[in-house]
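Taking it in order: structure first as structure tokens, then the write-up.
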There are 2 protein chains.
Amino acid sequence: MSLKLRKKVDPLPGCPMSKCMALLSGLWTPELIWCLSHGARRFSELQRNNPTITAKVLSGRLRDLQARGVISRAVLATSPPSVEYQLTSLGMELIPAITSIVEVGSRLLLRDSAGEQ
Amino acid sequence: MSLKLRKKVDPLPGCPMSKCMALLSGLWTPELIWCLSHGARRFSELQRNNPTITAKVLSGRLRDLQARGVISRAVLATSPPSVEYQLTSLGMELIPAITSIVEVGSRLLLRDSAGEQ
DNA sequence: CTGTATCCCCGTGGATACTG
DNA sequence: CAGTATCCACGGGGATACAG
């Protein structure tokens, strides 16, 4: 794990770009929002979908996202207790941006594999 | 400057999301790509468009972006010498993602100002 | 199952000064 | 004008162990 991705700073407060990037900030954050855009997920499900994230970081990101109003947390009265996270309406507004990022990334990956052959 | 934005790590190499985010990584990087998406820009122009970035960080980001193949650098034989940066074809592929981010951010900002009144 | 508590490394980015 | 050279503080995130 050598390539670094994003540090949390808001270079231009009040700027559209920063407004959105601030919500996507934090390692794993876009991945988590992407997972949750497909429906509510439990803690362990998010761990399975992101194999190399540690519990500490996962719970950290989830707390951040909740604090920013991007996701909601619901404790289910099951046994053993489980917790479900899902996007808020604010969180859902991020989906177009996330989708665009995924689409661009997919196209770049396709080109890579095409070029290698 | 308290809000943190992005640290450069690639949590899931080979994943579309990471493929794209890796190119957007680094503080100021999306802003710079956004500036360059409107045409070639000189070093000092980029500084003027991003008032709080320091020369060290700006030249660092530009070197990173060049190394990733996102932008190209051209030294113009003027006097005094000037340097022009512009997006490569790879860099232009990022525009849809950046545009999406800006659009989402703009909508969120509009909502904020509407709610405050 | 869903987290929290420590410890620690190191990259990032700011400040400042200097150069061709 | 277009950078480079240092120095430094900060905090994010990994590893590991533990807890309700």
Side-chain angles (χ1 to χ4, degrees), chain A residues 1-13 18 21-22 24-32 40-68 71-86, chain B residues 1-13 18 21-22 24-32 35 40-67 71-86:
Chain A
M1 204 129 317
S2 55
L3 248 192
K4 301 294 181 167
L5 250 200
R6 62 229 103 155
K7 192 165 190 176
K8 304 173 179 171
V9 177
D10 198 352
L12 293 169
S18 298
M21 291 304 286
L24 303 182
S25 81
L27 192 53
W28 295 104
T29 301
E31 282 82 0
L32 294 176
R41 289 286 181 297
R42 307 214 334 254
F43 190 89
S44 53
E45 293 179 304
L46 293 171
Q47 266 188 318
R48 266 190 297 279
N49 291 339
N50 304 278
T52 64
I53 195 175
T54 64
K56 175 203 163 190
V57 173
L58 176 54
S59 73
R61 292 283 73 84
L62 292 172
R63 256 186 288 109
D64 291 350
L65 286 171
Q66 197 183 352
R68 295 172 198 164
I71 66 175
S72 60
R73 197 185 101 115
V75 181
L76 307 180
T78 58
S79 112
S82 56
V83 182
E84 248 188 24
Y85 296 90
Q86 67 181 317
Chain B
M1 207 128 319
S2 55
L3 248 191
K4 302 294 180 164
L5 250 202
R6 61 228 101 148
K7 192 167 189 175
K8 302 174 180 172
V9 179
D10 199 353
L12 293 169
S18 298
M21 291 302 288
L24 303 183
S25 82
L27 192 54
W28 295 104
T29 300
E31 283 81 1
L32 294 177
C35 287
R41 290 284 181 293
R42 308 215 331 256
F43 191 89
S44 54
E45 293 179 304
L46 293 171
Q47 265 188 319
R48 266 190 296 279
N49 291 340
N50 303 277
T52 65
I53 195 174
T54 63
K56 173 204 163 191
V57 173
L58 176 54
S59 73
R61 292 283 72 85
L62 291 173
R63 256 185 288 111
D64 291 352
L65 286 171
Q66 197 183 352
I71 66 175
S72 60
R73 197 184 100 114
V75 182
L76 307 181
T78 58
S79 110
S82 55
V83 181
E84 248 189 22
Y85 295 90
Q86 68 181 317

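In what follows, every chain begins at residue 1, and chains take the letters A, B, ... in the order their sequences are listed. Keep in mind that what you see is a predicted model, and the values were worked out from it rather than measured.
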Selection from [options] that lies nearest to any side-chain heavy atom of [X]:
X     : options                : result
A:T54 : D:dG13, D:dA15, C:dG14 : D:dA15
A:L27 : D:dA15, D:dG13, C:dG14 : D:dG13
A:V83 : D:dT4, D:dA2, C:dT2    : C:dT2
A:Y85 : C:dG13, C:dG3, D:dG3   : C:dG3

Nearest 0.5 Å, please: how far is CD1 in A:I71 from CG in A:L62? 4.5 Å
d([atom1], [X]; [atom2], [N]) in whole Å:
X     : N      : atom1 : atom2 : value
A:F43 : C:dG3  : CZ    : P     : 6 Å
B:W28 : C:dG13 : CH2   : P     : 11 Å
A:D64 : C:dG3  : CG    : P     : 14 Å
B:L62 : C:dG13 : CG    : C1'   : 15 Å
B:N50 : D:dA2  : CG    : C1'   : 16 Å
A:I53 : D:dA15 : CD1   : C1'   : 14 Å
B:L32 : D:dA2  : CG    : C1'   : 15 Å
A:R61 : C:dT4  : CZ    : C1'   : 15 Å

Is the base of D:dG3 touched by the side chain of B:K56 through a donor-acceptor pair closer than 3.5 angstrom? no
Which pair of heavy atoms, one from [X] and one from [Y], lies closest together, and at what distance?
X     : Y     : result
B:E31 : A:S18 : OE2-OG, 3.5 Å
B:N49 : B:C35 : CB-SG, 3.9 Å
A:L24 : A:P30 : O-CD, 3.6 Å

Verify, without hydrogens or angle tests, whether A:T78 (side chain) and A:P80 (backbone) share a donor-acceptor contact under 3.5 angstrom. yes
Mind checking if A:S59 touches a base, just sugar-phosphate, or nothing, with heavy atoms under 4.0 Å? base
Tell me whether the side-chain N/O atoms of [X] come closer than 4.0 Å to OP1 or OP2 in [N].
X     : N     : result
B:S44 : D:dA2 : yes
A:R63 : C:dT4 : yes
A:R42 : C:dC1 : no

